[in-house]
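What follows is a short report on a single structure.
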Amino acid sequence: SPQVLRFNLTNQCNLRCNYCYVDFDNRHISSQEIIQILRYFLERGKHIETICFFWWEPLLEYKNLEKVLPMITHLYERFWYKKPSFQIATNGILLSHEKLEILKNYDFEIHISTWGEKQSHNLLRDASFEKFDAIMKVLHLYTETNIVFLLMIDEENVHFLFKNYIFLIQKWVINIHLECIFSERIWTQGAIKDLKKQLILIFQYDNWKHLRDYFHLWVYDISVSGSISQESLSFHGSYNFEIKKYLDAYIHMLRNINYK
């Protein structure tokens with residue numbers, strides 16, 4: 001079955017969001033290591049249909065990414081495989097015309113995480129709204145590119161969800177994926193009730209016209225050290241398996257809410 005390989009290019013990030021739980025260091029994975037790991041899967045007949053670059057901020061390794069993309073294309077040609085689809089998950093701050101042109105040339109699906117409008121964004125994301133808003137003006141020139149905005153939600157900002165959704169679509173955004181961030185806190189019944197209310201408001205506004213769901217089967221996560229996540233080897237679920245329980249609840253509500 002189609003499989004996904006997700007590479008963690010670096011353990012560094014250009015932001016220090018107040019909800020982030022990771023420990024940063026200077027480790028990264030090289031282009032040679034990426035090719036060796038990819039060859040390992042292809043030689044064993046694994047159908048790697050999608051290659052994703054994610055966690056922490058992959059664009060800090062842009063030069064490495066730029067180097068490895070033609071190497072991946074060449075490797076697939078050697079194995080007579082169809083070129084894989086590419087994805088990247090980024091906070092978007094480091095995007096530029098140059099980087100967007102490269103990503104566009106390789107038909108990347110670009111996932112950009114955001115907390116929405118200024119109040120919500122600066123509350124949780126390192127007071128970076130002005131930088132993000134500047135990038136939105138650049139991205140507007142690439143609307144034909146496959147760009148998905150990951151609208152982040154947690155217990156603290158769930159009541160902003162509808163407001164943030166409106167903010168994005170008024171900016172020109174057409175693809176939005178709701179993403180609950182990883183947290184050690186369990187959502188309260190009150191927060192889940194707020195989430196339901198916000199989803200109903202979105203439905204009443206445009207019938208969830210811009211919401212997208214993403215699922216992958218057999219996700220293999222590759223760390224900067226080249227190790228494969230044991231959890232992901234047996235995982236059958238959504239894009240971020242760490243918070244699967246939250247997304248499952250969200251998807252369940254999407255399909256079962258009584259709107260009357």
Side-chain angles (χ1 to χ4, degrees), residues 1-15 26-113 135-136 138-150 175 177 212 214-229 232 239-240:
S1 61
Q3 297 168 356
V4 179
L5 209 54
R6 301 196 303 187
F7 286 98
N8 177 15
L9 293 182
T10 177
N11 275 3
Q12 270 298 343
C13 186
N14 57 321
L15 297 179
N26 293 320
R27 289 180 296 166
H28 66 275
I29 189 169
S30 70
S31 56
Q32 290 79 14
E33 289 171 316
I34 291 173
I35 293 301
Q36 288 173 2
I37 292 167
L38 187 53
R39 183 185 293 115
Y40 172 88
F41 282 94
L42 297 181
E43 287 176 344
R44 285 154 181 79
K46 300 292 185 182
H47 183 195
I48 304 299
E49 188 178 71
T50 302
I51 297 175
C52 179
F53 303 97
F54 79 125
W55 289 100
W56 284 211
E57 176 45 58
L59 288 179
L60 286 172
E61 288 291 311
Y62 170 70
K63 291 299 182 183
N64 189 21
L65 181 62
E66 187 179 26
K67 179 180 178 181
V68 80
L69 289 173
M71 296 168 66
I72 292 173
T73 300
H74 178 66
L75 182 64
Y76 269 69
E77 289 173 351
R78 285 181 54 197
F79 279 87
W80 297 90
Y81 274 109
K82 178 184 175 182
K83 186 181 76 170
S85 60
F86 292 106
Q87 296 177 353
I88 189 167
T90 171
N91 58 45
I93 302 299
L94 296 177
L95 284 169
S96 63
H97 288 291
E98 175 193 1
K99 295 182 179 73
L100 283 164
E101 284 296 330
I102 292 293
L103 298 177
K104 179 182 174 182
N105 289 341
Y106 282 90
D107 297 320
F108 264 81
E109 182 174 280
I110 306 171
H111 293 189
I112 301 175
S113 60
I135 291 300
M136 289 291 285
V138 176
L139 289 170
H140 195 197
L141 303 175
Y142 292 84
T143 52
E144 77 281 4
T145 306
N146 196 356
I147 300 175
V148 179
F149 281 80
L150 309 179
N175 293 312
H177 172 63
R212 302 290 182 268
Y214 291 92
F215 299 94
H216 291 314
L217 294 180
W218 291 113
V219 180
Y220 297 89
D221 285 307
I222 312 298
S223 72
V224 290
S225 62
S227 62
I228 301 173
S229 167
S232 64
Y239 180 67
N240 278 328

inquiry  = Applying side-chain hydrogen bond (donor to acceptor under 3.5 Å, both in side chains), can you list everything that pairs with N105, at least two apart in sequence or on another chain?
reply    = none
request  = Please tell me if the side chains of N14 and L59 come closer than 4.5 Å, counting only heavy atoms from C-beta onward.
outcome  = no
query = Do L65 and I102 have side chains that get closer than 4.5 Å, going by heavy atoms?
reply = no
message = Please enumerate all residues that pass salt bridge (Lys or Arg N to Asp or Glu O under 4.0 Å) together with E66, with sequence neighbours excluded.
response = K63
key: Over all atoms of both residues, closest heavy-atom pair of G92 and E57   = N-OE1, 4.5 Å
key: Set of side chain to side chain contact (heavy atoms under 4.5 Å, CB included) partners for I112, sequence neighbours left out   = T90, L95, I110, F132, L139, I147, F149
message = I'd like to know if the side chain of R44 and the backbone of Y40 have a donor-acceptor N/O pair within less than 3.5 Å.
response = yes
ask   = What residues form a side chain to side chain contact (heavy atoms under 4.5 Å, CB included) with S85, not counting sequence neighbours?
value = T50
request  = State which residues pass side chain to side chain contact (heavy atoms under 4.5 Å, CB included) with F79; sequence neighbours excluded, sorted by chain then number.
outcome  = R39, L42, E43, L75, Y81
query = At what distance, to the nearest 0.5 angstrom, does CG of L9 lie from CD of E33?
reply = 11.0 Å
query = When H111 is tested against each of I88, N175, L150 for side chain to side chain contact (heavy atoms under 4.5 Å, CB included), which residue passes?
reply = L150
ask   = What distance do L38 atom CG and I51 atom CD1 have between them, rounded to the nearest 0.5 Å?
value = 4.5 Å
message = Under the criterion side-chain contact (heavy atoms from CB on, under 4.5 Å), I'd like the reasoning laid out for V4 against I48: C-alpha separation, chi angles, the key distance, then a yes or no.
response = CA-CA 6 Å; V4 179; I48 304 299; over 6 Å; no
request  = Taking side-chain hydrogen bond (donor to acceptor under 3.5 Å, both in side chains) as the test, write out the residues that go with S113, two or more places apart.
outcome  = R125
inquiry  = Between N64 and F53, does the side-chain contact (heavy atoms from CB on, under 4.5 Å) criterion hold? Intermediate values first, please.
reply    = CA-CA 11 Å; N64 189 21; F53 303 97; over 6 Å; no
inquiry  = Measuring only between side-chain heavy atoms, which start at C-beta, is C13 closer than 4.5 Å to N91?
reply    = yes
message = Please enumerate all residues that pass side-chain hydrogen bond (donor to acceptor under 3.5 Å, both in side chains) together with H97, with sequence neighbours excluded.
response = Y142
key: Residues forming a ring-ring contact (aromatic ring centres under 6.0 Å, His included) with F86, sequence neighbours excluded   = F108
remark   = So the salt bridge (Lys or Arg N to Asp or Glu O under 4.0 Å) pairs with at least one residue in residues 85-99 (sequence neighbours excluded) are none
remark   = Sorted by chain and residue number, the side chain to side chain contact (heavy atoms under 4.5 Å, CB included) partners of Q32 (sequence neighbours excluded) come out as S30, K67
query = With a 4.5 Å limit on heavy-atom distance, are the side chains of N26 and Q12 in contact?
reply = yes
ask   = Hey, what do you get for CD1 (I37) to CZ (F7), rounding to the nearest 0.5 Å?
value = 5.0 Å
task = Please list, chain by chain and in numerical order, all residues satisfying salt bridge (Lys or Arg N to Asp or Glu O under 4.0 Å) with K83, sequence neighbours excluded.
result = D107
Minimum heavy-atom distance N8-T10, with the two atoms named = OD1-O, 2.7 Å
